[in-house]
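These numbers were taken from a predicted model, which means no experiment stands behind them. Chain identifiers are assigned alphabetically (A, B, ...) following the order of the sequence lines, protein sequences preceding nucleic acid strands; residue numbering begins at 1 within each chain.
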Protein chains: 2
Amino acid sequence: MDVVSALKKLKDNGYKHTDKREDMLTLFSEEKRYLSAKEVLENLQDEYPGLSFDTIYRNLSLFEELEILEVTELNGEKRFRFSCETNHHHHHLICLQCGKTKHIDVCPMEDITLKASDFNVTGHKFEVYGYCSACQ
Amino acid sequence: MDVVSALKKLKDNGYKHTDKREDMLTLFSEEKRYLSAKEVLENLQDEYPGLSFDTIYRNLSLFEELEILEVTELNGEKRFRFSCETNHHHHHLICLQCGKTKHIDVCPMEDITLKASDFNVTGHKFEVYGYCSACQ
DNA sequence: ACATTAAATCGTAATCATTCTTAATAAAAA
DNA sequence: TTTTTATTAAGAATGATTACGATTTAATGT
Ligand SMILES: [Mn+2]
Ligand SMILES: [Mn+2]
Ligand SMILES: [Zn+2]
Ligand SMILES: [Zn+2]
């Protein structure tokens, strides 16, 4: 996922192109890590004084719906990152300090034969937490 | 973990025995599933009119500290369940509707050789979500 | 370029889970 | 039974997120 194809996806789905949306996408493409709504706001409000939290949240949700961003929840707050380029199903190593990530190619679900016959499995989450080299 | 040994753990660590604490523990021992703070409150406020949310949260945190309860976060709210009897490190299948759980004995971390040399790994989370037989 | 229309944004209030504060209460110890 | 200290109630405060009505702006057609 990159800014250009994200903007195209917006247009293809009937959403408008705005400077704020483009700047949000650019931010995510530059910072390859999980960002909170607050971090996104702070990064943009120099250029847009009076930028509303509502705008941030609305667009983050939209981007998530369009699979431009992926989301995780950490310490009671949502964090978003640019969807990975690869289509390969995978998981992440996440820095608890700065949100930086590394890929984990293995998916535990592949190995585990869930004989959970009476359980209708709809999803799973596998995340490994720690601190990146810069944050240790 | 059971009510008796949980109460003992409280006493051993210098905490007092109160009816509310005992009733909270009894609730968790009866309902073998993840409960939210709200659910705990609702279950006890028949017996204790005017029971405070603060009391619930304070005791939930205390129980978590003493490893009497284990916690997970789902849809932006914490959910607690009685710690599993087994000492064996394991994970859970969680019903998104009612919080019922099943054990998953396999831990993905055992298999994965994390060559994340520059990452200081401090923890991980592996949860499988779905709907239990009663909730489908 | 201009007008029209629907989407996007602002500003702010509301909501929801959780935490904090202070005074009153109850459990354990003396 | 008195004292000590932990626990609780009540409600205010917080922090993240969502909702709302009014205003602005992007896209579209003229
Ligand atoms: Mn997977
Ligand atoms: Mn594990
Ligand atoms: Zn880091
Ligand atoms: Zn269920």
Side-chain angles (χ1 to χ4, degrees), chain A residues 6-27 34-66 68-69 71-81 96 99, chain B residues 6-27 34-66 68-69 71-81 96 99:
Chain A
L7 287 173
K8 182 176 182 313
K9 196 176 250 186
L10 277 179
K11 175 165 229 177
D12 289 350
N13 287 82
Y15 295 101
K16 292 180 175 170
H17 176 289
T18 70
D19 288 349
K20 278 150 203 165
R21 282 179 177 164
E22 180 166 342
D23 284 7
M24 283 179 71
L25 292 168
T26 302
L27 174 63
Y34 278 106
L35 297 170
S36 65
K38 189 157 161 257
E39 283 177 295
V40 175
L41 181 79
E42 284 166 355
N43 266 284
L44 294 202
Q45 65 187 3
D46 287 338
E47 182 134 11
Y48 305 101
L51 174 61
S52 170
F53 251 124
D54 183 54
T55 300
I56 302 295
Y57 277 111
R58 192 169 10 76
N59 286 331
L60 288 175
S61 299
L62 174 61
F63 296 160
E64 188 194 347
E65 255 177 58
L66 296 179
I68 292 169
L69 298 181
V71 64
T72 192
E73 210 165 320
L74 212 55
N75 294 119
E77 76 177 1
K78 288 183 183 168
R79 289 174 177 246
F80 301 83
R81 53 159 288 151
L96 294 167
Chain B
L7 287 172
K8 182 176 184 311
K9 195 175 251 185
L10 277 178
K11 176 166 230 177
D12 289 350
N13 286 82
Y15 296 101
K16 292 180 176 171
H17 176 289
T18 71
D19 289 349
K20 278 152 203 164
R21 282 178 176 164
E22 180 168 343
D23 284 7
M24 283 180 70
L25 294 168
T26 302
L27 174 63
Y34 278 107
L35 298 170
S36 65
K38 191 157 161 252
E39 284 177 293
V40 175
L41 181 78
E42 284 166 357
N43 266 284
L44 293 202
Q45 66 186 3
D46 286 339
E47 182 134 12
Y48 305 100
L51 174 60
S52 171
F53 249 124
D54 183 56
T55 300
I56 302 295
Y57 278 111
R58 192 168 11 76
N59 287 331
L60 287 175
S61 298
L62 175 61
F63 295 160
E64 188 193 345
E65 255 177 60
L66 296 178
I68 291 168
L69 297 181
V71 64
T72 191
E73 209 163 322
L74 212 56
N75 294 120
E77 76 177 1
K78 287 182 183 169
R79 290 175 176 244
F80 301 82
R81 54 158 289 150
L96 294 167

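- Counting only distance, with no hydrogens or angles, the side chain of K9(A) and the backbone of L66(A) share a donor-acceptor pair below 3.5 Å.
- Proximity of a side-chain donor or acceptor of E42(B) to a complementary backbone N or O of E39(B) within less than 3.5 Å is not detected.
- Looking at heavy-atom distances under 4.0 Å, S52(B) makes contact with a base.
- Within the 4.0 angstrom heavy-atom criterion, base atoms lie near D54(B).
- At least one donor-acceptor pair closer than 3.5 Å links the side chain of R21(B) to the backbone N or O of K16(B).
- Nearest-nucleotide positions on DNA chain C place E77(B) closer to the 5' end than the other of E77(B) and T18(B).
- Judged by closest nucleotide on DNA chain D, R58(B) is the one of R58(B) and G76(A) placed further toward the 5' end.
- Expressed to the nearest 0.5 Å, how far CD of Q45(A) lies from CZ of F53(A) amounts to 8.0 Å.
- Side-chain atoms of K16(B) and base atoms of dT5(D) include a donor and an acceptor less than 3.5 Å apart.
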side-chain contact (heavy atoms from CB on, under 4.5 Å) for Y34(A) and L74(A)? Distances and angles first, verdict last. CA-CA 10 Å; Y34(A) 278 106; L74(A) 212 55; over 6 Å; no

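- Counting non-hydrogen atoms under 4.0 angstrom, R21(B) reaches the backbone sugars and phosphates but no base.
- For T55(B) and G14(B), each mapped to the nucleotide of DNA chain D holding its nearest heavy atom, the one lying further toward the 5' end belongs to G14(B).
- Positionally, the nearest nucleotide of DNA chain C for N59(A) lies more toward the 5' end than for the other of S61(B) and N59(A).
- Extent of DNA chain C lying under 4.0 Å from chain A heavy atoms, first and last nucleotide in 5' to 3' order, is dA6(C) to dG11(C).
- Within the 3.5 Å criterion, the main-chain N or O of H17(A) finds no donor-acceptor partner in the side chain of E22(A).
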